[in-house]
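For reference, the structure is listed below as structure tokens.
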Amino acid sequence: MTRAAVLDRPGSPSRIEELDLGEPGPGEVRVRMLASGVCHSDLHVRDGEWERPGPLVMGHEGAGVVEALGPGVRGLHVGQPVALSWLVPCEVCRQCRSGRPWACQDSPSFRHRMPDGGTRWRRTDGQEVLTYCAIGTLAEAEIVPAAAAIAIPDGIDPAAAALIGCCVATGVGAVTKTAEVPAGSSVAVIGLGGVGLSCVMGAALADAGTVVAIDRVPSKLEAATSVGATATILAGDPADTVEQLRDLTDGGPDFVFEAIGRTETIELAFAALPIGGAAVLVGMTPIGARASFEVYPFVDGSRRILGSNYGFADPSVDFPRYAQLHLDGRLPIDRLVDRRLSLDELEDAFEGLRRGAFTRQVVVFGR
Ligand SMILES: NC(=O)c1ccc[n+]([C@@H]2O[C@H](COP(=O)([O-])OP(=O)(O)OC[C@H]3O[C@@H](n4cnc5c(N)ncnc54)[C@H](O)[C@@H]3O)[C@@H](O)[C@H]2O)c1
Ligand SMILES: [Zn+2]
Ligand SMILES: [Zn+2]
């Protein structure tokens, strides 16, 4: 039996259950989980802001070691440390064939099942349980498609390795891959959870000039400074925030990253743009949310809006690269982890996320 966090249906509390985990099928691996971050996307699902099927094993930001290989798996061995990718490419759609796995149109991750349509989880009464994004990381062990298990170098704290699988890939990639921020640019980041702080780290890595970090929780501003922000704004009245941002960036930042997913902060990002500036939308809203902007200055001022899914990650290339940058001291991922907890404390972690109380909470297994 394997302990896992199960959500019966979005909008209901998660529960820790003992489930049967089967054997890895062809092209699959079993991973002994060591750590799983708790991302705001898990909270969107937990709170019913995104419609998802259930019951499912939760979590999508995890790392562990390979424990067993299914038939035909190559390139991985038992004992290999891995970080898991929540977007398993189908490898045949137009986007995958064009080298854009982050834009895959037919990923098994969308169905929360293995590529063959099955699931390896069963309740004791035989009911099948799905696995979030085909990797459900909030479990002691998991069976995942081999394409989701990305080998990373030895010697990385599993909590930091877990974060590579979502917030780091998302935030660092939004800056360096989606926006391709040139050295010396001015950057603002609104919202300083794991995703926003990773945008800040990405801006420092890209050698941005001014990096302004914005949040409504004061402790988040200190965290941002510790990973590379050069200035901070405590968010209050949106018009005030825009004015302070303009003062700090000579009329407005070249790039604004919105890492919350709220209509009012998305519109704040648009309002802060100078001529030629770009708003990069990283935060995810509840389904159906709409934001608006005045069209004339966007066109007249050549302003841009970019959407960024998964930081345009090509996990097999980017995860080992981010891991090595961390080992080289250029991505201080460990500074994002400010609470380690056990699986039984997951609902409390969700409550912490609602309050914006932590930078990144990580469930550590075997505690
Ligand atoms: N694009 C992607 O591929 C992708 C990947 C992962 C997560 N996400 C999304 O990114 C968003 C952020 O995720 P996270 O895990 O970092 O979340 P988080 O909850 O840890 O961080 C959000 C931060 O925003 C701050 N905040 C909230 N309202 C604010 C306001 N009005 N003004 C200023 N600050 C405010 C909070 O204090 C908190 O620090 C979520 O919507 C998540 O679903 C997107
Ligand atoms: Zn996430
Ligand atoms: Zn595809």
Side-chain angles (χ1 to χ4, degrees), residues 36-47 49-50 58-62 84-110 115 132-133 135 137 147 162-171 173-174 178 189-200 213-221 223-224 232-238 241 257-269 280-286 289 306-313 336 338-339 349-350 352-361:
S36 175
V38 186
C39 174
H40 204 111
S41 298
D42 298 312
L43 184 63
H44 286 303
V45 176
R46 155 68 181 80
D47 285 349
E49 290 175 349
W50 300 349
M58 299 190 76
H60 66 279
E61 184 177 83
L84 300 185
S85 162
W86 55 250
L87 215 175
V88 181
C90 75
E91 288 168 356
V92 294
C93 78
R94 184 164 65 92
Q95 299 293 350
C96 284
R97 283 186 284 114
S98 313
R100 291 189 290 268
W102 64 86
C104 175
Q105 297 163 319
D106 192 31
S107 168
S109 304
F110 304 155
Y132 187 59
C133 291
I135 63 168
T137 55
L163 269 47
I164 291 174
C166 186
C167 66
V168 169
T170 297
T178 305
V189 180
I190 312 174
L192 303 170
V195 174
L197 289 170
S198 295
C199 291
V200 172
I214 304 166
D215 202 287
R216 61 182 180 191
V217 176
S219 62
K220 298 298 177 79
L221 306 182
T232 59
I233 299 173
L234 185 62
D237 172 57
T241 303
F257 293 83
E258 201 278 353
I260 306 169
R262 296 174 69 100
T263 304
E264 58 270 32
T265 41
I266 290 167
E267 291 179 349
L268 191 156
V280 187
L281 305 188
V282 186
M284 307 280 281
T285 61
L306 311 175
S308 181
N309 190 44
Y310 213 176
F312 286 15
L336 270 49
D338 60 351
R339 185 185 184 202
F350 287 140
L353 259 181
R354 286 186 196 100
R355 287 184 283 120
F358 299 95
T359 51
R360 201 49 146 204
Q361 305 176 88

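Order of appearance sets the numbers: ligands from 1, and atoms from 1 within every ligand. Everything quoted here is computed from the prediction, not taken from an experiment. Residue numbers count from 1 along this sequence.
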Inset, instruction - Give the minimum heavy-atom separation between Val200 and Ala213, together with the two atoms involved. - result: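 Taking Val200 first and Ala213 second, the nearest heavy atoms are CG2-CB, 4.5 Å.
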
Inset, instruction - Heavy atoms only: give me the nearest Val195-Ala259 pair and the separation to one decimal. - result: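 Val195 and Ala259 have their closest heavy atoms at CG1-CB, 4.1 Å.
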
Legend entry - Identified side-chain contact (heavy atoms from CB on, under 4.5 Å) partner of Cys104 from the options Val92, Val88, Asn309, Leu87: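 Only one option passes, and that is Leu87.
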
Inset, instruction - Test side chain to side chain contact (heavy atoms under 4.5 Å, CB included) on Asp47 and Arg354 and set out the steps. - result: CA-CA 10 Å; Asp47 285 349; Arg354 286 186 196 100; 2.8 Å; yes

Inset, instruction - Would you give the length of the straight line joining atom CG of Leu336 to atom CZ of Phe358, rounded to the nearest 0.5 angstrom? - result: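 Between atom CG of Leu336 and atom CZ of Phe358 there are 14.0 Å.
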
Inset, instruction - Find the distance between CZ (Phe257) and OG1 (Thr178) and round it off to the nearest 0.5 Å. - result: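 So the gap between those two atoms works out to 8.0 Å.
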
Inset, instruction - Sequence neighbours left out, what passes side chain to side chain contact (heavy atoms under 4.5 Å, CB included) with Gln95? Give chain and number order. - result: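 Side chain to side chain contact (heavy atoms under 4.5 Å, CB included) check on Gln95 returns Cys93, Arg100, Ala103, Gln105.
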
Legend entry - Parallel, tilted or perpendicular: rings of Tyr132 and His60 (30°, 60°):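 Plane angle over 60°, so perpendicular.
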
Inset, instruction - At a heavy-atom distance under 4.0 Å, which protein residues reach ligand 1? Sort them by chain and number, would you? - result: Cys39, His40, Ser41, His44, Trp50, Trp86, Cys166, Thr170, Gly191, Leu192, Gly193, Gly194, Val195, Asp215, Arg216, Val217, Lys220, Ala235, Ala259, Ile260, Arg262, Thr265, Val282, Gly283, Met284, Ser308, Asn309, Tyr310, Leu353, Arg360

Inset, instruction - Could you tell me whether the side chain of Ser198 and the main chain of Cys167 form a donor-acceptor pair under 3.5 Å? - result: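 Yes, because the side chain of Ser198 sits within donor-acceptor range (under 3.5 Å) of the backbone of Cys167.
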
Inset, instruction - Under 2.8 Å from the Zn ion (ligand 2), which protein N, O or S atoms are there? Could you list them by chain and number? - result: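 Protein N, O or S atoms closer than 2.8 Å to the Zn ion (ligand 2): Cys39 SG, His60 NE2, Cys166 SG.
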
Inset, instruction - To the nearest 10 degrees, could you say what angle the Zn ion (ligand 3) makes with SG of Cys104 and SG of Cys90? - result: 100°

Inset, instruction - Any pair with a residue in residues 257-269 that passes salt bridge (Lys or Arg N to Asp or Glu O under 4.0 Å), sequence neighbours left out, goes on the list, sorted by first then second residue, please. - result: Arg262-Glu264

